[in-house]
Amino acid sequence: MNGKHITNLGFTGADIRLALDAAGRREAMGLTRHEILAELALVRQNPAGYLGGTYDTLARSLEAQLQEEIDQLADQLHERPQPYTVYGAELIEEGARAQMDVAMRLPVSRSGALMPDAHVGYGLPIGGVLAAENAVIPYGVGVDIGCSMRLSVFARGSLSTAEAQQLLERHTRFGAGVGWDRRERLPHEVLDDPDWQALPLLRHLHDKAVTQLGTSGSGNHFAEFGRFTLEQEQNGVPAGDYLALLTHSGSRGFGAQVAGHYTRLAEAARPGLDPAAKKLSWLSLDSEEGQEYWTAMNLAGRYALANHEQIHQRISRALKMTPLLSVSNSHNLAWKQMVDGRELIVHRKGATPAARGQLGLIPGSMADPAFLVRGRGEPAALESASHGAGRQLGRKAAERSLNKRDVQQYLKERGVTLIGGGIDEAPQAYKRIEQVIAAQQPLVEVLGRFQPQVVRMDTGSEDI
DNA sequence: ATGTCC
């Protein structure tokens, strides 16, 4: 008996050694070479039948390989993408379409849609909506889990630009890593949520979450005062002009760390996945990691909404006014939703939930209007709408191609006062919100329009 | 998006 006999049977790699060892043991039991080779062929055909005996180690190794092959087969992309609906195709660059095509080739993908603000992101494009079966994709939600909008509408009082500026400077905090000092913090029930105790990672992140609650972060996040025009009566608030506060913020460092942690686990769980879809690695909701992500993601979603509540609470108190109307919505999250009669996991990565009658907020840019909308529940859009205007220029392209004076001129023409901000967030870096709203007329109805007047953002890489 | 590696 030698390696040649073994390899002739089709054994490879470490299995050759395991097979030779087992053959040696059978030989010692008095079997002939011919009999042993016949047994080895059977072990190879049906390893499960030889677990626990003389061939146990070999059978285990073969079983593990079979399982791996089955897993990899299950992770294979479909050759062609499942069909999906695109809104405002003329506004969407090819790269975003290509990313959505890859997402629609995942074996877990069942349905999808692309919103008119779509542009390239990591994994799923921003403005992408993806319905998966019993699976959740961390990068289908994005890094800023629970990123969301909130609008507070106040009676129209006399608030000067200087007063608005002072309120934003005193009662909001911007920038990566920032939080409120201990003596400045406000309580919120989300910090007592039992889910913080559900996982070691969440227990660990609780302190950071306490510090950062009620802060706004960086990038495209903002807090702004403006004039809000309600076109039709809403919840007892008559049509007309109002003062309003609009904020865009997320789950800060807490959500970012949850996203990073589960993205790594998801990628590690799918080593055989096509490299083109690596960032779309999913977690089965039947797996422990999938359940953990679901718990952590939903906590980050509630935390982000609480974050807005505190920002609005601080400003309302300072204004000594109670909002007449409040609206909020998450636009980076996954939901369980019925799609064509079955429950799927609908990921919205930069997309506003727009079920029939549901209110949502779609901002334009630091100097362009934001819209209060009501969903029409369009099934082909998986009951969604855009989450904003969407980028026309990437951050670097904006820094290269836009000049400061043009941006200043744009703000001046619209009477916008800016605190902080950067050229990478210039209005000219975004698609025209009017076109984006027009392209989703089948998805949402416009109820009101907000014109920013005093805007606060984090300091960008290059100021305006 | 986030002090860009728990």
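Numbers restart at 1 for each chain; the letters A, B, ... are given by sequence-line order, proteins then strands.
Note: CD (A:Glu267) to C1' (B:dC5) measures 14 Å, nearest angstrom. Summarising the geometry, the separation between NE2 on A:His206 and P on B:dC6 is reported as 19 Å, rounded to the nearest angstrom. Rounded to whole angstrom, the span from the CG atom of A:Leu205 across to the P atom of B:dT2 amounts to 14 Å. One can place CG of A:Asp424 at 15 Å from C1' of B:dT2, the figure rounded to the nearest angstrom. Regarding A:Tyr262, its OH atom lies at a distance of 14 Å from the P atom of B:dC6, rounded to whole Å. We find that CZ of A:Phe254 is positioned 13 Å from P of B:dG3, with the value rounded to whole Å. Distance CG (A:Asn332) to P (B:dT2): 11 Å, rounded to an integer number of Å. Look at CG on A:Asp207: it is 16 Å from P on B:dC6, rounded to the nearest Å.
Residue whose closest nucleotide on DNA chain B sits further toward the 5' end, between A:Gly253 and A:Gln257: A:Gly253. Mapping A:His261 and A:His221 onto DNA chain B by nearest heavy atom places A:His221 closer to the 5' end of the strand.
In this structure, the nucleotide among B:dC6, B:dG3, B:dT2 sitting nearest to the side chain of A:Arg264 is B:dC6.
Judged by distance alone, the side chains of A:His248 and A:His387 never bring a donor and an acceptor atom under 3.5 Å apart.
Using modelled atom types, no side-chain atom of A:Arg183 and backbone atom of A:Trp180 make a donor-acceptor pair closer than 3.5 Å. Without hydrogens or angle criteria, A:Asn403 side chain to A:Asp406 main chain gives a donor-acceptor distance under 3.5 Å.
Using a 4.0 Å heavy-atom cutoff across all strands shown, A:Ser251 reaches no nucleic acid atom at all. Using a 4.0 Å heavy-atom criterion, one finds that A:Gly217 contacts the sugar-phosphate atoms exclusively. If you check every strand for non-hydrogen atoms under 4.0 Å, A:Lys208 touches sugar and phosphate atoms only.
Seen from the ring of A:Tyr430, A:Arg391 counts as a face-on cation partner, given the 6.0 Å and 45° thresholds.
Ring geometry, A:Trp196 versus A:Phe254: the interplanar angle falls from 30° to 60°, so the pair is classed tilted.
Regarding contacts with the backbone of B:dG3, a side-chain N or O of A:Gln212 is found under 4.0 angstrom from either OP1 or OP2.
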